[in-house]
Enquirer: 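One structure, as structure tokens, below. Some questions next.
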Amino acid sequence: MRTNPNIIITGTPGVGKTSHAELLAQNTGLKHMSINQVAKEHDCYDGFDEELNTAIVDEDKLLDAIEDSVKQGGYIIDWHACDLFPKSWIDLVVVVRCDSTLLYDRLQARGYGAKKLEENMDAEIMEVLLEEAREAYDAEIVVELRSDKAEDVEGNVERIEMWIKNWKNDHQD
Ligand code: DAT
């Protein structure tokens, strides 16, 4: 039994996952787990997508690398995919959403190439991550939060903190 919940913060690249995860970790003491970093540290790659200029992650290797830690609870998992994580590990899935014009500017500022930019814009507009989360997890643990302005991050994190408090009350011995 976990005494701290595991929370996935997911969404299209650039929507604000890391901004949310870092502030939430700072305010709650839960641990921010950047899957990009874990994949790098444990070399969880299985080739390179030249067209998208992105390393392809070996999901089995990645899950093996994080399983022992995540099962103990208290992790904020930050990644642009969510359906690979077993349902039994996860207590809340936050799908961060962002206005597409703002997202375009953020991704351009990151120096994304045209193909990668287009792919990610399409994903946000088509609600790909929201759909993925709803298919992989029970509806009651999937929450969609908007992140257009800086104040949105603070408001969203406050909401998640409230949720954590309630979860802890409900999961006391
Ligand atoms: P992600 O982890 O989803 O790729 P991020 O947290 O790194 O996104 O944010 C991408 C950029 O956008 C970064 O420069 C911070 C900025 N940003 C994120 N959320 C924002 C918000 N709600 N308002 C303004 N800027 C935001």
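Numbering of ligands and ligand atoms starts at 1, following listing order. Nothing here was measured: the structure is a model prediction, and the numbers come from that model. Throughout, residue positions are numbered sequentially from 1 according to the sequence presented.
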Enquirer: In terms of atom number and element, which parts of ligand 1 are under 4.0 angstrom from non-hydrogen atoms of Arg110?
Expert: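 Per the distance check, 1 (P), 4 (O), 5 (P), 7 (O), 8 (O), 10 (C).
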
Enquirer: Applying a heavy-atom cut-off of 4.0 Å, say which part of Asp148 lies close to ligand 1: side chain, backbone, both or neither.
Expert: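 Backbone only.
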
Enquirer: Under a 4.0 Å N-O cut-off, is there an ion pair linking Lys71 with Glu67?
Expert: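 So Lys71 pairs with Glu67 through a salt bridge.
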
Enquirer: Has ligand 1 got any nitrogen or oxygen that is less than 3.5 angstrom from a nitrogen or oxygen of Asp78?
Expert: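 No; every N/O pair is 3.5 Å or more apart.
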
Enquirer: Please write down residue, atom name and distance for the protein heavy atom closest to atom 6 (O) of ligand 1.
Expert: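 The closest one turns out to be Ser19 OG, 2.6 Å.
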
Enquirer: Taking atom 25 (N) of ligand 1 as the point of reference, which of His20, Arg106, Lys17 owns the nearest heavy atom?
Expert: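 Ranked by closest heavy atom to atom 25 (N) of ligand 1, first place is Arg106.
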
Enquirer: Does ligand 1 have an atom under 4.0 Å from some heavy atom of Gly14?
Expert: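 Contact check Gly14 vs ligand 1: positive.
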
Enquirer: Taking NZ, NE, NH1 and NH2 as the nitrogens, is one of them in Arg97 or Asp148 under 4.0 Å from a carboxylate oxygen of the other?
Expert: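 Asp148 and Arg97: not salt-bridged.
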
Enquirer: Could you tell me whether some N/O pair between Val153 and ligand 1 is separated by less than 3.5 angstrom?
Expert: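 Not met; the criterion fails.
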
Enquirer: What's the verdict on salt bridge (charged side-chain N to carboxylate O under 4.0 Å, His left out) for Lys61 and Asp46, showing C-alpha distance, side-chain angles and the deciding distance?
Expert: CA-CA 9 Å; Lys61 199 168 174 194; Asp46 185 19; over 6 Å; no

Enquirer: Side chain or backbone, does Gly16 bring an N or O within less than 3.5 Å of an N or O on ligand 1?
Expert: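 Gly16 vs ligand 1: N/O contact under 3.5 Å present.
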
Enquirer: Please say whether more than 12 non-hydrogen atoms of neighbouring residues, nucleotides or ligands are located less than 6.0 Å from CZ in Arg159.
Expert: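 Open.
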
Enquirer: Would a 4.0 Å cut-off, counted as strictly less than, catch a protein heavy atom around atom 23 (N) of ligand 1?
Expert: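 At least one protein heavy atom is under 4.0 Å away.
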
Enquirer: Given side-chain hydrogen bond (donor to acceptor under 3.5 Å, both in side chains), test Thr18 with Asp78 step by step and report yes or no.
Expert: CA-CA 7 Å; Thr18 301; Asp78 166 6; 2.8 Å; yes

Enquirer: State, without any angle test, whether Thr54 and Asp49 hold a side-chain donor-acceptor pair at a distance under 3.5 Å.
Expert: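 On atom types as modelled, these side chains do not qualify, holding no pair under 3.5 Å.
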
Enquirer: May I have the step-by-step check of side-chain hydrogen bond (donor to acceptor under 3.5 Å, both in side chains) for Lys116 and Asn53, ending in yes or no?
Expert: CA-CA 8 Å; Lys116 199 165 168 178; Asn53 191 31; over 6 Å; no

